[in-house]
Each structure stands twice: as C-alpha cells, then as structure tokens.
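Report on the structure given below.
The chains referred to below are lettered A, B, ... by the order of the sequence lines, with proteins before strands, and numbering in each begins at 1. Model, not experiment: these values are computed from the prediction.
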Amino acid sequence: MAFISSGYDPKQPMKDRITDIGPRKYDDFYPPVIAANKGKWLYHEVLKPGVLVHVAESGDKVFTVRAGGARLMTTIHIREICEIADKHCDGHLRFTTRNNIEFMVDEEAKVQPLVDDLESRKFAGGSFKFPVGGTGTSITNIVHTQGWIHCHTPATDASGPVKAVMDDMFEHFQQHSMPAKLRISLACCLNMCGAVHCSDIAILGYHRKPPMLDHEYLDKMCEIPLAIAACPTAAIKPAKVDFEGAKVNSVAVKNERCMFCGNCYTMCPAMPLADKEGDGIVIMAGGKVSNRISAPKFSKVVVAFLPNEAPRWGSTCKAIRQIVEAYAADARKYERLGEWAERIGWERFFEKCELDFTHHLIDDFRDPAYFTWRQTSQFKF
Amino acid sequence: MAKHPTPMLDQLESGPWPSFVSDLKQLAEKRAQNKEGVEFQIPSDVAEDLLGILELSYKHGRTHWKHGGIVGVFGYGGGVIGRYCDQPEEFSGVAHFHTMRINQPGGKFYTTEYLKNLCDLWDFRGSGITNMHGSTGDIIFLGTTTPQLEEIFYELTHKYNQDLGGSGSNLRTPADCIGQARCEYACYDTQGMCYDLTQEYQDELHRPAFPYKFKFKFDGCPNCCVASIARADFSFIGTWRDDIKIDQKAVQAYIGGEIAPNGNDHSGRDWGKFDIQKEVIDLCPTECMWMDGKELKIEDKECNRCMHCINVMPRALRIGDDRGVSILAGAKAPILDGAQMGTLIVPFIKAEPPYTEIKETVIEPIWDWWMEEGKNRERLGELMKRQGLQKLLEVTGLQPDPRMVQEPRSNPYIFWKEDEVDGGWDRDINEYRKDHRR
C-alpha cells in the first residue's frame, strides 16, 4: 500500500489549515418536510410498533419508520442504509439517541414498501439487518459503550451482551407490551461512558480484584502521586519495594479498602485490574431520566455479580428476563419500573423478580448510605 | 477462509437482533477481495484482526487494548483517542487502532451524500468500522494509524466542512434531542442552541483547559430524551411558564375512545377503555386537574410541568407559549464519589439566539469558578458538592430560590458570614467579663 497524501504537508502543518469549524449545520441535512414544518408540529401517533406519524399545523405529515441496529457498524452497513434512504426517502435519514435508524417519508403510501424492504434484509448469519420497532412501550435498543472491542478498562464486553439481551428481548422490541417505556443500558465499567445509572435496567461491568502491581515498570510508566491521588478510598500509598535485589519506587495497595473502581489504572497503566474470574456484571434497576409523574431516579443494584459468560451471557439474560416479566405482569399502565418497585416496596420487588437479596445490596459507601436503610416501622411481610 | 477462527463470536450471528459479528465479517471479506481496487492506507485485514482479538478477549475474559497513547492532530488536544493492542504480532492489522470522534450534526439528521463521503474516506484511510454513534453523540471512527490522523483531519475539514469532536479535559461534543425538528413537545430550538454554543466554544472543545470533562446537553422538554439531567454538567431542559393549551373537543375525543391515549404507545395490550380520571387526573403529581362537567380544568399555577397529561393526550393538550429553559448543573456518572443528578440553578431563562444572557451570566462565570477552584479530575458537580450551592450562587450572582432545593436544610449549621451578623465578629473579652465573671 502506497501512502497517498490528502494534500496535508507535515513540514508546514499550518499551511491552509482549517480548524475550529465545528460540526455541519443541522439544517444542511433536514428532509424538506422537516425543514418546512420545524417548530410547527401539532401531534404525533404511533401507527404500529416502529412506525410514527407526526402531523404539522400546515397539514403536512411525516411518517417515520424506526429500525434497530448495532451501534458498532461498518461502512458496508452504512452504505446499505444510504441505499435504502435513496430508494425510499429522497436521500435523508437520521439516527436516534438510542442508536436506532429512522427513515422518514412524506406520504403514508410509502410506508409499507419501506417496512417490507427493511424487514426483508438479513445478514449472512441470519439476523435482521433492520428490524422495525422500538417505539412506545416496547423495549427499545440498548445504549452501550465499547467493551472489549476497543476499550482499555472494561470489565465486560458491550456489543456481545447487548446482542444476547436484545435477541432475548426481541419480541418486546417489536411490540408495545410494557406498562411504560423500558430502557436498558450497558456500561462496560463504572466510568460509565454510557451513563447507565438512570436506566430502568442497567447492565454494568465491574471488577472485583484489586490492581496488580507491575513494580518493575510502575515508576517508569506512571506519575506515582497521580496514581495515589486517583484513589477515592485512599487505599494506595507510596512504597519502596525490593525488586530483583534493588529498591524501586512503587506503590502499595491496601486491598481491603479497594472499591475496584479502576481509577488508579486510568492514571497508571502499571496497575491493571482485569481478571477472568474477578470481572463480571452488576444489574441495576429502577432508574429513569424523565420528569414524568415522578422525579428522575438512579438505578439501584439488584444483582451484585454475574459472571462474564461469553459469548451469550446466559445468567445476565435470565436475570433481566425475570425483572422484565415480573414488571410487565404486575405494574400499572404508565408506571415505570422504578415507580412500580417503590409502590410495591423493594422487599416485594425481590420476591416478584425471584432475585436473592444479599448483603452486597445494602449501601455502605459513605454518608448517603445511612439514608438508604429503612428508618420506619412500615414494611411488608 | 477467515484469518482467525472465531467459534465464540460465531455464536453471536444467530438470533434476530442485528449481528455486529456478521457485519464485521462482511467487511473483512470485502476488504480481502477489494474488488474496487481501493489503495487502503491502513492494513486491509483490520476487520479480521479485530474479530480475532475480540475472540481472544472472549476466551480470556479480559480486554486486549492497551492504555491510551498521546496522539492527535496539530493544535488540538482532543478528538483523537490513541489505542494499541497488546498482541501486535498476532493481530498486526489492529496494532495501532486509534479512535477519531467526528462532531455529529444536530438531531443526527444526515443526507446519504454526506454519509457516503464519510464512508469513502473511512474505507480509504481507516478501518471502515464505526459507531453510529458514541455515547456522547459523536460519529466514532474506530481504528486508524497515526500517519493517517492528519490526513483524515485535512480531508474532513477541506472536503467535507467537518470538524472533530471533544475528548479529554475539555468541552465534550454537545448533544441535543430531535426537538422542534419533529417533536411537538419541544419548548425551544435544541438544535439551534446546541449548534450556537458548539460554535461559540470551539476553543474550549478542542483545547483542554478544564480540570476534567464538561458536557452540555439539550433536552427540548422535561421528558429528557437525551438524558441531560443524568449526565450533563449543564443540562438545558425546555419548559414554559404560562398555561397548557387545552382543546376541549379533543379531550372528549380521548374520553370517547376516538383517539388512542399516549400516541397509541400502549397498543400491544388490552388496558381497557381510557379513563381520564384514573389515567390522567389521578396521576397528576400536583393534583392540579379536574373535570368540571365536560370540561377539563387545570390550575396552571400549581402545575410542575411533568408532561404526563400532555404525553397521554398530545392532541388535546399543548405546551404553553411563554417558553424557555430550566438550567441544571452538576450531573455525572458514579465515578468517583457516586452518581449525581443535575441541580436546578436557573428555574427559567429565555433561550433565544444569540443566547447572550445564558453565556455571560451562567456558563462563563461558572467555568471561571471551576477552572480556578476545581481539582484535577473534579467534575463541576463534585466542586458544587465540595464548596456548596451557595458558592455557585455567589460566583454567578444568581438569587437563592426555594425551587433550587427539594427541601430546606434540616440542620441549623449555617456558615454565617461575618458581614451578615450585626457588629461583626471582633469582640472585647474584657468588656464581656465586666458582666460575666470567670
């Protein structure tokens, strides 16, 4: 492969340099019906799972067909999306915050051919390329992080568990079968690039072993004071360590103080935590970001640990199914998972979801923990 | 014949949900065949090696990506994340596999022409593998080599009028909901404001000068579809302060069953006949609604704009006309000291271009405070926690308001300032002793 220059001259990096221009302006890309009716939409309706209509003051309508997708996608897949948008949507499309693809048309007659086209396309392995759904009270696409495909700190994979859980929940992606929206999110470590902490169900990668110490290299690879300062529980202190007969500067870790956050590893690559047996998944539940009826809520830890069962994460899928089925059977219309859990009480939540309550689920992290313990005689048997 | 056997990943090809493994395999095959004769600028077997190293992670239960690496484009401190694999001999195609963040357009609307251009560029100079999109909102180009970074940046800026997004301790790429482009609930132009602030603060976005990352997110209404309240240092949530507009005829149509409630969101199950009392009025958190004969009444002064009634009956109830944003500050994910929601610091402010009041009286004074006082890797919310909401009010001049708290403090340990107490704190012990013997 021969190097082909773009025109950039490394000897004169500032020559003709264009910087600080920002993103392309949003309205460069609006379909005409959107440009014409922006800010003048009257109402919307979900015609069937995956198909929306928005009606404007002008009487214009835009029909949207929503298709799920893996957020990890190749240019081949993007080109296929473009081919569909060229064929049906005059070359326009959009993506949602939850990694769904939306194809918009301006006439109802164009909807069914588009849906049929999307649902007819399959990968060689047999999965749908563009399953239609993800609207209303369905279980829509999982927002997630990189995992083992591209990240240096994960405690689990992302794309794999997401594929496994969405396969298991697929019927609910294509049906409005939940009492309210049910949002599942995945973050592969507690850095939470995916900010999953306010999801109805959160899948969180977690380490359980303190960092290993690569004494030979630690002082060469890391700023020791930064590694020490990075620890939220002050478990790390400087140490002189005997290494092959010589004293080297390194650190010592008070293992029983470690909360396995990996923050030290972020600052110091000579302190890796990852471990096959130690790493796995925490399930959290009952969070939401909407202000609807009740205030936004954090998700709570309901399963302390499940092992990384590649490639299909069976225990994780099973725990999620238990929660989803108990919620779907018992919650009231409009009630989010967290609202349901609070109404019936968390003691009842564990009973109905058939989940064990272990000591790990009682908060013991700093002052706010006290206020999560029950301080009333009101409870249910 | 695949370069590396992937028996575990192969099991992720079955099942109905789109398989990223199948997608990567088709790319691997296409690059191997290269029927179009592309002069690939990075190894052609990159997709095969990515599958191979992922399979190894499935076997080991551990990642094979090394800790970062300082790479980037000249003059920028963000937008590129260095990435190297820890098995470069066996997986040479992904030995150097850097990420580039491409600042997405508002609302994530695209033309196919633009996307195909990006695909051409990324097939030629990168792996052909992307995220559409990353968690923060950017288009993610996943995997290229160091010599290609400047080339890609040059082509992006010169050919496609397109810049990189943020990474590191800087303003991260701002993100918005679909807003007024296609949503009747949007109380302001989320895309307009997101774009304006992104352009205004390009320097903060590209050149890290902050203690840590900083996020802006723009939600058009309190439904919060981009989750700003949970994850943005500044969360702009659309709201209104006049009355919900009621179409009484449409209310009756909902009651009569002519229109499905909640935009037909509950169509998959039989929830029985719509009951406005049970489904709307009794669920109103402020109990500010009632039926007066055939008329729906709302005492708007008591409404807290939770959106429930509007969500249930979008054809009967509409957001008010005196619109603006509420600004919340300090949300973050758990690392390190636990997760935090955004705290309401401005209950209502108009959000109209050029957004001068928001920039000059809220954003910039708070940035100045955070850059002065924030410790290394301390998010704004953590500084707020450490120094107090009072301090934020002090640096902005915002007036305390009961709307900013869930409840007043239940301890009386007020840090009175000397100038708040008549006579100050300097006293004469001998004067005191004249009346109070030792």
Next item on the list: Carefully, step by step, assess Tyr110(B) and His92(A) under the rule ring-ring contact (aromatic ring centres under 6.0 Å, His included).
Entry: CA-CA 6 Å; Tyr110(B) 293 100; His92(A) 292 274; over 10 Å; no
Item checked: Worked check of side chain to side chain contact (heavy atoms under 4.5 Å, CB included) between Arg312(A) and Met8(B) -> CA-CA 9 Å; Arg312(A) 283 243 162 227; Met8(B) 291 171 96; over 6 Å; no
Can a salt bridge be assigned to the pair [X] and [Y] using a cut-off of 4.0 Å between side-chain N and carboxylate O?
{"X": "Asp120(B)", "Y": "Arg79(A)", "answer": "yes"}
{"X": "Lys333(A)", "Y": "Asp265(B)", "answer": "no"}
{"X": "Glu184(B)", "Y": "Lys40(A)", "answer": "no"}
{"X": "Lys163(A)", "Y": "Glu13(B)", "answer": "no"}

Measure [X] against the heavy atoms of chain B and call it side chain, backbone, both or neither at under 4.5 Å.
{"X": "Ala270(A)", "result": "neither"}
{"X": "Leu226(A)", "result": "side chain"}
{"X": "Ser138(A)", "result": "neither"}
{"X": "Cys198(A)", "result": "side chain"}

Please classify the contact of [X] with chain A as side chain, backbone, both or neither, using a heavy-atom distance under 4.5 Å.
{"X": "Ala181(B)", "answer": "both"}
{"X": "Ile42(B)", "answer": "backbone"}
{"X": "Pro261(B)", "answer": "side chain"}
{"X": "Lys159(B)", "answer": "neither"}
{"X": "Leu50(B)", "answer": "side chain"}
{"X": "Lys66(B)", "answer": "backbone"}
{"X": "Arg83(B)", "answer": "side chain"}
{"X": "Asp189(B)", "answer": "side chain"}

Item checked: Val143(A) and Ser135(B): CA distance, side-chain angles, deciding distance, side chain to side chain contact (heavy atoms under 4.5 Å, CB included) verdict -> CA-CA 7 Å; Val143(A) 291; Ser135(B) 302; over 6 Å; no
Taking every non-hydrogen pair under 4.5 Å, which of [options] racks up the most with chain B?
{"options": "Lys129(A), Lys122(A), Gln146(A), Met104(A)", "answer": "Gln146(A)"}
{"options": "Ser177(A), Ala155(A), Gly126(A), Ala124(A)", "answer": "Ser177(A)"}
{"options": "Asp86(A), Asn308(A), Asp279(A), Leu190(A)", "answer": "Asp86(A)"}
{"options": "Lys38(A), Met259(A), Met178(A)", "answer": "Lys38(A)"}

Next item on the list: Check each of Thr130(B), Asp123(B), Asp23(B) against Thr74(A) using the side chain to side chain donor-acceptor pair (under 3.5 Å) test, and report the only one that passes.
Entry: Asp23(B)
Notebook entry, point to check: Can you find a side-chain donor-acceptor pair between His176(A) and Ser267(B) that sits under 3.5 Å?
Noted result: yes
Note to self: Under a 3.5 Å cutoff, is there a donor and acceptor pairing between the side chains of Asp20(A) and Gln199(B)?
What the structure shows: no
Notebook entry, point to check: Just by modelled atom types, is the Ile4(A) backbone N or O under 3.5 Å from a matching donor or acceptor in the Gln41(B) side chain?
Noted result: yes
Notebook entry, point to check: If only atom types and distance count, is the side chain of Asp167(A) paired as donor or acceptor with the main-chain N or O of Trp17(B) below 3.5 Å?
Noted result: yes
Check: Heavy-atom count around Glu113(B) CD within 6.0 Å, excluding the residue itself: above 12?
Finding: no
Checklist line | side chain to side chain contact (heavy atoms under 4.5 Å, CB included) assessment of Trp148(A) paired with Tyr58(B) | finding: CA-CA 8 Å; Trp148(A) 293 333; Tyr58(B) 273 48; 3.6 Å; yes
Notebook entry, point to check: What is the ring orientation for His152(A) with His67(B), classed by angle as parallel under 30°, tilted 30 to 60°, or perpendicular over 60°?
Noted result: perpendicular
Note to self: If the condition is salt bridge (charged side-chain N to carboxylate O under 4.0 Å, His left out), which residues does Lys108(B) pass it with, not counting sequence neighbours?
What the structure shows: none
Margin query: The test is ring-ring contact (aromatic ring centres under 6.0 Å, His included); show your working for Tyr114(B) and Phe29(A) and say whether it passes.
Written below: CA-CA 9 Å; Tyr114(B) 171 81; Phe29(A) 297 140; 4.9 Å; yes
Next item on the list: Go through the steps to decide whether His150(A) and Phe97(B) satisfy the test ring-ring contact (aromatic ring centres under 6.0 Å, His included), and finish with yes or no.
Entry: CA-CA 8 Å; His150(A) 206 226; Phe97(B) 201 65; 5.1 Å; yes
Next item on the list: Let me see the working for Gln191(B) and Tyr30(A) under side chain to side chain contact (heavy atoms under 4.5 Å, CB included), right down to the final yes or no.
Entry: CA-CA 11 Å; Gln191(B) 281 146 43; Tyr30(A) 282 162; 2.3 Å; yes
